[in-house]
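To start, the structure itself, in structure tokens.
Throughout, protein chains are lettered first and strands after them, A, B, ... in sequence-line order, and every chain is numbered starting at 1. Keep in mind that the numbers below use all heavy atoms, side chains included, and drop hydrogens, waters and symmetry copies. Small disclaimer: the values here were computed from a predicted structure and weren't measured.
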2 protein chains.
Amino acid sequence: MSQMLQIHDQLREMILSLDLGPGERLTERWLESRFEGSRTPIRAALVRLEGEELVRRDGRNWIVAPIDLGELEALAEFRIPLETTAVRLACARASAADIAAVEEMLDACQSGAPREEWHRVGTDFHVEIARLSGNPFIVKAIKGAMTRLSRARWLEVWTEPSREQAWREHRRILGFIKANDPEAAAREAADHITDTRDRLLRSLNEDRRGLRARGFAVIGLR
Amino acid sequence: MSQMLQIHDQLREMILSLDLGPGERLTERWLESRFEGSRTPIRAALVRLEGEELVRRDGRNWIVAPIDLGELEALAEFRIPLETTAVRLACARASAADIAAVEEMLDACQSGAPREEWHRVGTDFHVEIARLSGNPFIVKAIKGAMTRLSRARWLEVWTEPSREQAWREHRRILGFIKANDPEAAAREAADHITDTRDRLLRSLNEDRRGLRARGFAVIGLR
DNA sequence: TATCCCAGTTTGGTATCCCAAACAAGGCTA
DNA sequence: TAGCCTTGTTTGGGATACCAAACTGGGATA
């Protein structure tokens, strides 16, 4: 794989895992020494990440895209029509094997699994459901939305009951798809998105102090 | 503005106006002489355009993204839930002034206007409607979808009646938003997307020969 | 002491250089 | 003559050189 893509992937991972703080400045020279490559591939990776809105220009400088918690509502509003459409289409189009594969993914994440695992599966579930719709544009949009959500979800303080509930909701959505009940699946999906958004906002609000202590600007959080 | 952005915008325009044929190969050296800049900003522009999926890699080479007419259905399927949501939200949120601005845009495009004008307004209308929703994610998604559609729309053979009908449908959607009738607006928007897709597909099917003559691969057209 | 200014440094933007891989054409061989 | 190999050319990937603008810090000045 080209050096540029390696740098892109590593940098992307560092950003999404909050290894690099939101709003943090990135100088090309620092990245040069960090990744032991010249500025050419580094610039290409930055331009690419800019397209994914994980990195942004601030005047002439590069910065890690800040987290704007104010967009959480808009994000849910965006996801609901897309994901309800996705589950409806999934009912009509998904094969039993495809559905089983998603079910397996859920099963593979047991309650003892590390937090990274829960985080990843919690994101991938929605992307995989979108994939069942067979519509590549829906998949791409959901993937982007979940990426956008990803860092805020790392900040969430996960309690065992809330995690359990999200889990049940995932299972219910999948169950309705399996039972070929598109309207119930759509209702469940919409409710799940709303519930998840509320849980996230509540958690972040209760933890404002903790967020500040960890150096995260809580812009946009009402 | 930086040279890179200039090159990006020009190249983007050339691609969207079919000045550069879909599938055509782009060599960095040719672009270098064409834009009288060095390869550094050109490569940055290409990476950026790759993110917008207007340019693509073909092995090590760069090519203009081919038009895949097969994605027209999926594109309509993607737009319907988003645009129906957009008009519903617009009813709740858009100010009279914002609505009037869109109306003015439609008025400004009289029947004697050049085709470029019709093409542009026909795209911008949907983006502006999305903007009335107040949801930036919807705006961005619709903008992307309309970009994706743009080149196929250039290939369409526009008849006066079909253009008139699209026009009436735009007015009707806006009318229902103005009258604050979200469900009627949503129904109208969905119908419009379906109708437009059908008109486009019919036109392209009837003109397969013409497309081939103009050197466009008609991949994906059923 | 507060403010302004200027030189030195750092940064991103651009141009150019080098290289290895892909490609193409021509000639050699079976 | 058909297929293969060789070799010269072109290409994109990466490294480096150079520049102008932005920033920084320290010292002169009011």
Pair A:Glu52-A:His8, side-chain donor/acceptor within less than 3.5 Å: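 Yes, because at least one side-chain N or O of A:Glu52 sits under 3.5 Å from a partner of the opposite role on A:His8.
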
Base versus backbone protein contacts along nucleotides 10-22 of chain C [heavy-atom cut-off under 4.0 Å; B, S, -]: -BBBBBBB-----

Residue list, salt bridge (charged side-chain N to carboxylate O under 4.0 Å, His left out) with B:Arg197, at least two apart or on another chain: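 With neighbours one apart ignored, the set is empty.
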
Salt bridge (charged side-chain N to carboxylate O under 4.0 Å, His left out) partners for B:Asp107, two or more places apart: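 With neighbours one apart ignored, the set is B:Arg171.
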
Side-chain ion pair, B:Glu117 and B:Arg120, N-O less than 4.0 Å: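 Counted as a salt bridge, because a side-chain N and a carboxylate O are separated by less than 4.0 Å.
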
Carboxylate-amine/guanidinium contact A:Glu169 A:Arg199, below 4.0 Å: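 Salt bridge flag = yes for A:Arg199 with A:Glu169.
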
Watson-Crick or G-U wobble mate for D:dG26, both contacts under 3.5 Å: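 Paired with D:dG26, as far as the under-3.5 Å criterion goes, is C:dC5.
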
Plane angle bin for A:Trp118 and A:Trp158 - parallel if under 30°, tilted between 30 and 60°, otherwise perpendicular: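 Perpendicular, since the angle between the ring planes exceeds 60°.
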
Please tabulate, one pair per line, each protein N/O and nucleotide N/O from nucleotides 6-8 of chain C that are separated by under 3.5 Å, including the distance.
none

Nearest-angstrom distance from the residue atom CG of B:Leu31 to C1' of D:dG12: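 Taking CG of B:Leu31 and C1' of D:dG12, I get 12 Å after rounding.
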
Pairing residues for B:Glu53 by the side-chain contact (heavy atoms from CB on, under 4.5 Å) criterion, not counting sequence neighbours: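 Partners of B:Glu53 by the side-chain contact (heavy atoms from CB on, under 4.5 Å) criterion, ordered by chain and then number, come out as A:Lys140, B:Arg148.
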
Distance-only check: which donor-acceptor pairs under 3.5 Å involve side-chain atoms of residues 74-89 of chain A, not counting sequence neighbours?
residue	atom	partner	partner atom	Å
A:Glu77	OE1	B:Arg93	NH1	3.0
A:Glu77	OE1	B:Asn135	ND2	3.0
A:Glu77	OE2	B:Arg93	NH2	2.7
A:Arg79	NE	A:Glu83	OE2	2.8
A:Arg79	NH2	A:Glu83	OE2	3.0
A:Arg79	NH2	A:His126	ND1	3.3
A:Glu83	OE1	A:His126	ND1	2.8
A:Thr84	OG1	A:Ile80	O	2.8
A:Thr84	OG1	A:Pro81	O	3.0
A:Thr85	OG1	A:Pro81	O	2.6
A:Arg88	NE	A:Glu183	OE1	3.3
A:Arg88	NE	A:Glu183	OE2	3.0
A:Arg88	NH2	A:Glu183	OE1	3.2

